[in-house]
Amino acid sequence: MTAPRNWPSTSGAPVWPSIVSPRGRQVRHHLRHRWLAAALLMVALAAGCVGSREDDRAAAPAATGGTGEEEGADLRFAVFIANEAQLEVLNGIADDYARERPGATVTYESIPAEEYLTKVLLQTAGGNAPDLALLLERNAANFRDSGVLADVAPALRDDAEYGLDDFPDGTLEPWQHEEGLYGVPFSTSPFFVMYNEDLFTEAGVPTPRELFEDGRWNWESLRGLAAELQPALPQGTYAFVNTDGTLYDQQPHLSLEQIIRAYGGESWSEAGDCTLDEPEAVEAITLYHGMIFEDGSAVPPGVEVAFPAGQAAMTLGQLSRLSQLEDADFAWDVVPLPEGPVGQADVFGQAGVVVLAGGNVEAATDYLRFMTNEENTALLAQYWPPAREAVLQSPAFAENTPALDAERLEDVVVTPGQNAQPMPLAPAYEEIRAQMVSAFDELWTEDADVAEVLATTCEAVQPLLTP
Amino acid sequence: MRTAYTMLLPQLAGFALFVVVPLAWLVYLSLTDYSLISGRADFIGVDGYRETFQDPLFRTVLWNTAVFTLGMVPLNIALALALALMLDRSFRGRTFFRLAFFAPVATSAVAWALVWRFILQGEQQGVLNQGLSLVGMEGPNWLVEPGWAMGSIIATRVLKGVGINMLILLAALQTIPSETLEAAKVDGATPWKAFRHVKVPLLAPALLLVTVITTIGSLQVFDTILLMTGGGPANSTNVLVSYVFFRAFRTFDIGYASRLALIIFVISAVLTVLQWRARRKLVYLES
């Protein structure tokens with residue numbers, strides 16, 4: 001008996017049932033046309049994808065024409081701001097601009113902070129760069145060196161009405177390079193200490209503000225206060241938590257630079273020499289190390305603690321962090337950074353407005369000039385501390401900030417803002433930061449030799465500082 | 001025959017467009033120093049690979065990847081086999097246990113990683129350490145101490161993935177005819193001998209499948225590492241895939257990341273071929 005034709009053969013190879021239809025040849029003819037159509041569709045799709053990229057690149061060059069144009073352009077402005085109220089302020093400024101320049105529209109594109117840089121860079125790489133963007137000061141040098149940013153100095157320096165000299169030198173430092181200016185400060189936010197007043201009063205321990213008003217507010221007394229408070233705190237609550245909890249995994253500078261500066265040191269010098277292994281920095285970091293491992297008052301690695309949730313008594317923060325405390329169920333207050341052996345050393349974190357070289361440079365620069373002029377800076381100052389002296393010192397600024405009253409604002413933003421210095425800057429900032437996080441893992445153990453680890457860190461980091 | 005190829009055309013077109021073309025592009029990028037920030041892609045050829053192989057962090061990452069794969073795969077399969085054997089028998093509540101062990105597979109990887117990160121907190125914050133302290137033991141800071149961090153990641157992934165392997169092996173176990181096992185018992189085989197000489201050979205195709213899938217899967221683990229340790233402490237949990245991510249999206253070094261991605265591809269391909277070849281020696285039922 002022979003096996004039917006379609007049964008599996010003994011060799012194991014599959015046998016496809018043949019398509020037998022009464023129409024025979026006609027069916028195959030029909031299918032051939034479908035195949036052709038499918039192939040054409042595929043080709044058209046591919047061509048379409050390639051084609052649109054070409055078109056975008058062709059549309060990307062800088063605007064032509066002279067000044068005083070009546071016609072405005074469509075500008076895209078990438079921001080990492082998502083707060084509705086804050087976006088309303090920004091859009092208000094865009095609307096004012098549209099009134100001055102008929103036909104101009106500025107669209108703010110809100111991109112989540114985690115993917116912000118990636119998205120902006122990918123858009124640029126795809127020929128679809130936004131015209132303007134917000135950029136953190138630590139990324140400025142890298143972007144500038146790579147030619148991503150346009151120089152706005154020619155447009156702003158000679159504009160008397162704009163008043164570039166209203167910006168203190170320190171605040172422009174991250175954006176300047178040789179004779180050029182590659183961004184304008186948008187938010188220049190000094191760091192200060194936020195604390196949970198309820199935890200202090202419940203424990204019967206003096207609050208940081210009491211120490212500050214007594215003139216006894218320094219890092220040693222902060223440590224003492226934390227050590228005194230810790231035993232009285234419930235399980236799982238710490239006297240001190242590092243800035244945003246980012247010390248161990250992400251941004252060591254945001255939590256340590258303040259102490260290092262207070263002790264007269266810095267992470268690296270302007271000339272690009274790593275100074276983490278200098279005695280000043282070693283002393284500062286040893287103090288914090290002691291808080292974690294000797295006193296147990298600062299949050300150790302591997303533990304999740306959030307200040308807005310009431311799980312810590314003190315932390316470092318900036319004005320923008322106070323919006324997280326709007327719904328807090330505890331009383332909180334703010335004091336400036338503690339002093340150190342060299343006195344008061346204030347540090348600011350900054351975001352700036354930059355014009356991207358891949359967008360409509362001329363029109364974008366014009367909007368930059370408008371958005372960061374004195375009048376609009378005063379509007380922005382509700383949420384973003386200004387760098388401009390005139391606005392910083394104005395009574396209107398003190399009155400109009402939702403998060404703090406005039407007196408507190410004076411203490412933690414206006415006064416520090418006058419002499420605050422930027423965070424450490426370097427073109428290879430991201431790589432240096434990654435190396436530091438990795439090298440510091442040795443540091444955050446109980447029996448770490450702080451000086452030795454810092455020396456090793458400098459060895460790892462120095463080649464990146466001076467390539 | 002023509003109709004067969006016609007049917008295959010859409011899949012082939014998709015394969016060409018979404019696999020072959022990007023792969024060719026990747027090979028090209030790996031020979032450049034493309035940086036997303038500068039936007040420039042200068043052809044540097046083999047120099048790039050030389051730089052990669054001389055990078056000490058690359059060697060660390062390669063070692064970590066080997067440790068992770070060699071740690072995770074045998075553990076996963078041994079556990080899956082043990083669970084499958086136990087759940088093969090009939091007993092009350094068997095369905096519940098099958099569902100319970102499979103449930104982690106169905107959960108979101110992100111949720112799994114975040115919850116375990118919460119559980120594995122150090123000091124007395126983490127639930128695991130609190131539990132250990134109840135029996136008088138002091139748990140380490142699981143995700144912060146270099147040795148324990150890798151172990152924790154391995155354990156977390158094994159617990160997540162063991163369910164599907166268990167299911168595959170269970171299905172394979174149930175195709176073993178009971179007459180074969182009875183015959184073995186009649187011949188005087190001990191349970192261990194029955195397992196070693198009857199069950200394992202008959203399970204061999206399924207075991208091969210599970211090994212290949214789990215090995216390739218282990219080379220792709222990324223979300224767990226990113227969310228639980230971020231590659232730390234001191235790069236001890238930084239594996240090839242996570243290193244690709246850091247290079248591509250933290251320092252925007254696309255050329256370097258492409259080289260790493262190509263290396264991962266080559267390693268996966270080599271391992272798969274080796275395992276496929278091994279089947280001739282080890283798997284008896286291939287025709």
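Just so you know, these numbers use all the heavy atoms, side chains as well, and skip hydrogens, waters and symmetry mates. Residue numbering restarts at 1 for every chain, and letters A, B, ... go by the order of the sequence lines.
- Listed options B/G231, B/G230, B/A234 were ranked by heavy-atom pairs under 4.5 angstrom with chain A; first place goes to B/A234.
- For B/W116, the CH2 atom sits in a loose shell: 12 or fewer heavy atoms of surrounding residues, nucleotides or ligands are nearer than 6.0 Å.
- Heavy atoms closer than 4.5 Å to chain A are found nowhere in B/R40, neither backbone nor side chain.
- Atoms CG and CD, on A/D441 and B/E145 in that order, are 12.0 Å from each other to the nearest 0.5 Å.
- A/T124 does not touch chain B: none of its heavy atoms, backbone or side chain, sits under 4.5 Å away.
- The candidate with the highest count of non-hydrogen atom pairs below 4.5 Å against chain B, out of A/R433, A/Q235, A/E442, is A/Q235.
- A/V148 and B/I37 make their closest contact through CG2-O, 2.9 Å (heavy atoms, listed as atom of the first residue, atom of the second, distance).
- Here the side chains of A/L117 and B/F252 are in contact, with some heavy-atom distance below 4.5 Å.
- Heavy-atom contacts from other residues, nucleotides or ligands closer than 6.0 Å to CH2 of B/W148 number 12 or fewer.
- Heavy atoms only, all atoms of each residue included: A/E430 and B/T251 are closest at CB-CG2, 4.2 Å.
- Taking B/D253, B/L143, B/V144, B/T229 one by one and counting their heavy-atom pairs under 4.5 Å with chain A, the maximum is reached by B/V144.
- Contact annotation for A/D145: neither backbone nor side-chain heavy atoms come within less than 4.5 Å of a heavy atom of chain B.
- At a 4.5 Å heavy-atom cutoff, A/V120 makes no contact with chain B through either its backbone or its side chain.
- We find the CG-OG distance between B/N238 and A/S438 to be 8.5 Å, quoted to the nearest 0.5 Å.
- The parts of B/F249 that come within reach of chain A are both its backbone and its side chain, each placing non-hydrogen atoms under 4.5 angstrom from that chain.
- Between the side chain of B/N141 and the backbone N or O of A/P301, at least one donor-acceptor pair lies under 3.5 Å.
- Residue contact with chain B, scored on non-hydrogen atoms closer than 4.5 Å, is absent for A/E115.
- Not one N or O on the side chain of A/E304 forms a donor-acceptor pair closer than 3.5 Å with the backbone of B/F118.
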